[in-house]
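Only heavy atoms go into these numbers, but all of them, side chains included; no hydrogens, no water, no symmetry mates. Computed from a predicted structure; not experimentally measured. By convention here, the first residue in the shown sequence is residue 1.
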Amino acid sequence: MGSLSPQQEQNHCIYASFCRRDTNYTSNWLECYDSSINAWHHVGKIPGLIHNHVLKDFSMVTIADSVYVIGGRLCRKLPAGGSVQDEVDVEVQSSVLCYNTRGNEWSKCASLGIPRFDFACTVSGDKIYVAGGKSELDCPRGISSAEVYDPTLDEWKPLPDMSTFRYKCVGVTWQGKIHVVGGFAWGGESNREAPWHTLERSSAEVYDSERDKWDVMLGMWKLDVPPNQIVAVNGTLFSSGDCLNAWKGHIELYDKKLNMWNEVDGSHLQTLSSPISTSDATEADWPPVRRLYLTMAPIGTHLYFLAGYRMPGEISRTSSAVHVFDTSANEYGWRSFEPMEEEGEKELCSHCCVVRQTL
């Protein structure tokens, strides 16, 4: 186990939120992965959550030294015997919390104008943009509303509505504009007979802040299943899977001229479907190795894939692995590491975000 040494990776930390999957009814906490020393450390609990309650389907983004926890779906954990738990949805959240990584302090920010979960979220110009999602637990379709947060004013302002209602959509800032990609989409009254129309589901909505207007971009995401994550690295968009299969076996990049996603050469990695240290496992081991979570973070020219696995015979412990792909490599660009692990099986509650540590 060595540390990750390239210069562009120094002083970057990846933050992720987890909750327990086992009999410990622990509410959400933050963990930090330090790429310079290849190690996780426990940051602390997200404040304000009731015992036995967890927050899911929220968004986490970074501005400077601060991590923002936005919206989400509050669930109550119910013991169901043994190590298995059920959960029941309680309410949709509008709360926004800020964690200052330098001062190790939490603060409460202005709430969202509309509560939401499973929404698109991205940062542009040191402002946070959110769009779509669901605002009610029992609503069969998403919403079209969008808003922007200015941290200097601690204020959310409404943006024009998108032309489509959508949830489980992905937000990414690309070429100076806010992109809301894919999701389960509905075009409104003009398409009553086909509420989940493929043409809309595979589209994106692009917000131009100078014109204060959304434009539809047809066919940007060809699949009916919404994307899992899309990130921008040096002006290029990358994806690795969808909501049903977070890892498709390779990385894809977006070609705007052809309006299609192409496989990145040298990006195949079979071990992302299983942990690194599986050489001692046999077919007789039960239960089999199973990936519990996967989330992707861009640092410099690299894509970090943080993965958790359940190892054979260890049903209550998460085994961590970090796989790093160099997008600038001309040949095979993967490195893999095994950071220190924590006891107990944990569940990822939101995609991660990256903080550049200032000296």
Side-chain angles (χ1 to χ4, degrees), residues 1 3-5 7-21 24-72 74 93-112 121-123 125-128 130 149-156 293 295-300 302 304 306 308 318 320 322 337 339-344 346-359:
M1 254 193 299
S3 62
L4 308 181
S5 58
Q7 185 61 40
Q8 67 266 30
E9 298 175 11
Q10 298 298 316
N11 303 320
H12 285 86
C13 288
I14 303 174
Y15 286 81
S17 173
F18 297 93
C19 65
R20 287 289 183 212
R21 294 176 60 96
N24 298 314
Y25 309 145
T26 307
S27 297
N28 303 66
W29 71 86
L30 284 188
E31 287 187 33
C32 172
Y33 174 74
D34 188 335
S35 63
S36 65
I37 60 174
N38 186 39
W40 285 95
H41 75 263
H42 187 88
V43 174
K45 292 183 179 180
I46 294 179
L49 294 177
I50 308 170
H51 180 62
N52 285 7
H53 288 65
V54 296
L55 190 63
K56 294 187 175 181
D57 299 329
F58 56 95
S59 287
M60 284 201 339
V61 294
T62 303
I63 298 178
D65 294 327
S66 296
V67 174
Y68 291 85
V69 175
I70 305 166
L74 188 64
Q93 299 290 285
S94 61
S95 61
V96 180
L97 297 172
C98 176
Y99 173 68
N100 183 275
T101 61
R102 178 182 285 270
N104 190 29
E105 295 177 337
W106 286 92
S107 59
K108 189 174 182 179
C109 304
S111 297
L112 290 163
C121 184
T122 186
V123 172
D126 287 337
K127 294 181 180 180
I128 302 172
V130 301
Y149 177 73
D150 186 339
T152 60
L153 301 175
D154 187 28
E155 181 179 69
W156 289 92
Y293 66 82
T295 185
M296 173 175 60
I299 297 179
H302 293 69
Y304 280 71
L306 310 182
T318 298
S320 299
V322 178
F337 302 88
M340 292 183 295
E341 302 167 5
E342 269 200 5
E343 291 298 323
K346 60 189 182 183
E347 177 181 354
L348 184 73
C349 297
S350 171
H351 283 304
C352 61
C353 61
V354 179
V355 174
R356 187 178 186 274
Q357 303 294 318
T358 55
L359 301 178

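Closest of all the heavy-atom pairs between Tyr33 and Pro339 is CE1-CB, 4.0 Å. Here the closest heavy-atom approach between residue Lys108 and residue Leu97 is recorded as CA-CD2, 4.1 Å. Annotation for Pro151 and Tyr68: closest pair CB-OH, 3.5 Å, computed over non-hydrogen atoms. Considering all non-hydrogen atoms of both residues, Ser27 and His53 come closest at OG-O, 2.6 Å. Nearest heavy-atom pair across His12 and Asp34 is O-OD1, 4.0 Å. Among all heavy-atom pairs drawn from Phe18 and Ala16, the shortest one is CE1-CB, 3.7 Å.
A donor-acceptor pair under 3.5 Å links the side-chain atoms of Ser350 to the main chain of Phe58, judged by distance alone. For Asp154 (side chain) and Ala110 (main-chain N/O), a donor-acceptor pair under 3.5 Å exists by modelled atom type. Listed for the Thr295 side chain is a donor-acceptor partner under 3.5 Å among the backbone atoms of Cys352. With hydrogens and angles ignored, the 3.5 Å screen pairs no side-chain donor or acceptor of Ser36 with any backbone N or O of Asn11.
Atoms CD1 and OG1, from Ile128 and Thr62 in turn, are 9.0 Å apart once rounded to the nearest 0.5 Å. To the nearest 0.5 Å, the span separating OG on Ser17 from CG on Leu55 amounts to 7.0 Å. Between the CE atom of Met60 and the CD1 atom of Ile14 there is a distance of 10.5 Å, given to the nearest 0.5 Å. Atom CZ of Arg356 and atom CD1 of Ile299 lie 11.0 Å apart (nearest 0.5 Å). With values rounded to the nearest 0.5 angstrom, Cys121 atom SG is found 12.0 Å from His351 atom NE2. Expressed to the nearest 0.5 Å, how far NZ of Lys346 lies from CH2 of Trp29 amounts to 7.0 Å.
Evaluation of the side-chain hydrogen bond (donor to acceptor under 3.5 Å, both in side chains) rule for Lys127 yields no partner, not counting sequence neighbours. Partners of Tyr15 according to the ring pair (Phe, Tyr, Trp, His ring centres under 6.0 Å) rule, which considers only residues two or more places apart in sequence or in another chain, do not exist here.
Looking only at side-chain heavy atoms (C-beta outward), Val96 and Tyr149 stay at 4.5 Å or farther from each other. Proximity of Ser320 to Tyr293: side-chain heavy atoms (C-beta onward) are separated by under 4.5 Å at one or more points.
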Point to revise | Test side chain to side chain contact (heavy atoms under 4.5 Å, CB included) applied to Cys353 and Val67, step by step | key: CA-CA 8 Å; Cys353 61; Val67 174; 3.7 Å; yes
